[in-house]
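Since the model is a prediction, treat every value here as computed from it, not as a measurement. By convention in this document, chain letters (A, B, ...) are assigned in the order of the sequence lines, proteins followed by strands, and residues within each chain are numbered from 1.
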Protein chains: 2
Amino acid sequence: MQTSPFRTVEERKVEREQKREAVLRAAVRLFNTHGFHAASLDDVAASLGVSKPTIYHYLGNKDQVLFECVTRGIEQLRDAASAAREHPGSGLDRLRSFLRHYAEITMGDFGRCVIRTSDEVLSAESADRFRELKREIDGAMRALIAEGIADGSIAPVNVKLAAFTLAGALNWPARWHRTDGGESAETVATQMVDILTGGLAPR
Amino acid sequence: MQTSPFRTVEERKVEREQKREAVLRAAVRLFNTHGFHAASLDDVAASLGVSKPTIYHYLGNKDQVLFECVTRGIEQLRDAASAAREHPGSGLDRLRSFLRHYAEITMGDFGRCVIRTSDEVLSAESADRFRELKREIDGAMRALIAEGIADGSIAPVNVKLAAFTLAGALNWPARWHRTDGGESAETVATQMVDILTGGLAPR
DNA sequence: TAAACGATATACTCGCTGGTAAAATATAGA
DNA sequence: TCTATATTTTACCAGCGAGTATATCGTTTA
């Protein structure tokens, strides 16, 4: 395809959006590997071959960069939740479907950022919004568990604590799983979900 | 009891040790609430009513302060592991005992610090040591699971992944559980362990 | 062609915080 | 009492990194 150096208004808008996205991708990678504080915006810029003010041209400040990253991740989780709601089968089946997606997402770039970002590093306002978004995901998970209990496919457990237990277990790979070596995210996800839903004790 | 202002050599040694401990306690609290980077050594010193160089008189530098904190936490976990090994009953019983202690410890000050501290914030050397110590705890957990499988009290699962699943789930309260409000650490621990060992599906 | 606009870079400020030098004060022991 | 040692402070330095003022250059549009 022939690309002319003369862009239409629409093309320029798209290009700007792509660059913005590229900044976020580069940022989230560095945040995940080095940690938010250790990754400077100079580093992020350098990894893209540009200079720091370019980042400010596309995003407000470091806090906003991080907030956008976690928002991307939360959105993926939200999508997984609504997909699970439409999944056929029992409540347990739907929950399992969600859990597997949840695990896979949190092993990806933006999902991992959601897990690794603790509230204190965000500005007070962003932290509030972030908590709110996370609460939404937690709510979705609790709803699925409750449905499963209602239709008898899940044992009557403390819903709140069960949600935390499941999320906690599935969040952990975000801290150790390396995409390069060993098991695929899918394998890990499936096995963990099996352990969680089946329990340890033999039947 | 009468305390004279004139201390013996032994008393002075003890007092020094107490002050060192007080620094660690103050530090770990601030690290846990504000995060390692956001909590400055000036803050830590201020919370004790002393000045920053005093901290350096008892501990080398900020990295070492953190490392000592996580070491304290790891030691508690290690003690729990050896206690569990001597616990009577089946492999599953021993594992459950360990898991409950594990959960309670990681809701305490030093244990929480172990969970909340990601390797990147430590110096390269401290991070190596830290990983080593964590590997030891992981090894203990895997051994308990393997024993349970051997004696038939635990279903034949992937030991490595099971250990990560259990640890991940139990680590999570370190990030949200507030000691002040709601359930006690013990209650949370017990319920989570029940969910993990029993699974979600009804029997 | 001129003016406006968008994208990017250079080069800077400024605050914060880890870390230290040196002095002051107290305590212990000879 | 004098000296050595332990404890703690004040006052400082250095570096890093977030964020900004301003210039440049190309592109669009009137």
Side-chain angles (χ1 to χ4, degrees), chain A residues 3-24 26-27 30-31 33-69 120-126, chain B residues 3-24 26-27 30-31 34-69 117 120-126:
Chain A
T3 45
S4 151
F6 303 96
R7 306 286 152 78
T8 70
V9 175
E10 188 55 31
E11 281 172 337
R12 300 192 81 199
K13 210 170 169 183
V14 168
E15 194 173 315
R16 184 184 169 89
E17 194 48 45
Q18 284 173 342
K19 288 184 181 174
R20 199 182 136 100
E21 210 69 25
V23 170
L24 291 176
L30 286 177
F31 291 166
T33 52
H34 303 325
F36 178 71
H37 284 285
S40 74
L41 287 185
D42 279 314
D43 292 340
V44 175
S47 82
L48 288 164
V50 297
S51 66
K52 186 168 50 177
T54 301
I55 293 180
Y56 282 87
H57 190 246
Y58 291 97
L59 291 153
N61 58 14
K62 201 182 180 186
D63 174 73
Q64 200 175 120
V65 174
L66 179 58
F67 183 71
E68 284 269 355
C69 288
E120 326 101 33
V121 309
L122 285 161
S123 71
E125 306 79 53
S126 299
Chain B
T3 45
S4 149
F6 303 96
R7 306 286 153 79
T8 69
V9 175
E10 188 54 32
E11 282 172 336
R12 300 192 80 203
K13 211 170 170 183
V14 168
E15 194 172 314
R16 184 184 169 89
E17 194 48 44
Q18 283 174 343
K19 288 183 182 174
R20 198 183 136 100
E21 211 69 25
V23 171
L24 291 177
L30 285 176
F31 290 166
H34 303 325
F36 178 71
H37 285 285
S40 74
L41 287 185
D42 278 314
D43 293 339
V44 174
S47 82
L48 289 164
V50 297
S51 66
K52 185 170 52 177
T54 300
I55 292 180
Y56 281 87
H57 190 247
Y58 292 97
L59 290 153
N61 58 14
K62 200 181 181 187
D63 174 72
Q64 199 175 122
V65 173
L66 178 59
F67 183 70
E68 285 269 356
C69 288
T117 298
E120 326 99 34
V121 309
L122 285 161
S123 70
E125 306 79 50
S126 299

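- Relative to the side chain of A:V50, the nucleotides C:dA9, D:dT7, C:dA21 differ in distance, and C:dA9 lies closest.
- Put simply, B:R16 has a side-chain N or O that comes within less than 4.0 Å of OP1 or OP2 on D:dT7.
- Rounded to the nearest 0.5 Å, atoms CZ (B:F31) and CG (B:L24) are 9.0 Å apart.
- Atom-to-atom distance recorded for A:T54:OG1 and A:K19:NZ is 9.0 Å, nearest 0.5 angstrom.
- Taking only side-chain nitrogens and oxygens, A:K52 never comes nearer than 4.0 Å to OP1 or OP2 of C:dT10.
- The nearest whole Å value for the distance from the CG atom in B:L48 to the C1' atom in D:dT8 is 13 Å.
- For the pair A:Y58 OH and D:dG19 C1', the computed distance is 18 Å after rounding to whole Å.
- Atoms NE2 (B:H57) and C1' (D:dT10) sit 16 Å apart, rounded to a whole Å.
- Rounded to an integer number of Å, the gap from A:D63 CG to D:dG17 P is 18 Å.
- When the nucleotides C:dG18, C:dA9, D:dA18 are ranked by their closest atom to the side chain of B:L41, C:dG18 comes out on top.
- Separating the OG atom in A:S126 from the CG atom in A:L66 is a distance of 8.0 Å, to the nearest 0.5 Å.
- Interatomic distance, A:R20 CZ to A:E68 CD, rounded to the nearest 0.5 Å: 4.0 Å.
- Residue A:D43 contributes atom CG, which lies 8 Å from atom P of D:dA18 at whole-angstrom precision.
- Here D:dG19 presents its P atom at 12 Å from CG of A:L59, a figure rounded to the nearest Å.
- Straight-line distance from the CD1 atom of B:I55 to the P atom of C:dG18: 9 Å, rounded to whole Å.
- With hydrogens and angles disregarded, a donor-acceptor distance shorter than 3.5 Å links the side chain of B:K62 to the backbone of B:F36.
- Among the protein residues, B:T54 comes within range of the nucleic acid bases, having at least one heavy atom under 4.0 Å from a base atom.
- Contact between the side-chain N/O atoms of A:Y56 and the OP1/OP2 oxygens of C:dA7 is not found at any separation under 4.0 Å.
- Between the C1' atom of C:dA28 and the NZ atom of B:K13 lies a distance of 17 Å, rounded to the nearest Å.
- Here D:dT9 is the nucleotide among C:dG19, D:dT9, D:dT7 with the atom lying nearest to any side-chain atom of B:P53.
- Contacts of A:S51 with the nucleic acid, taken as non-hydrogen atoms under 4.0 Å apart, include base atoms.
- Of all nucleotides listed (D:dG19, C:dG6, C:dT10), D:dG19 comes nearest to the side chain of A:K62.
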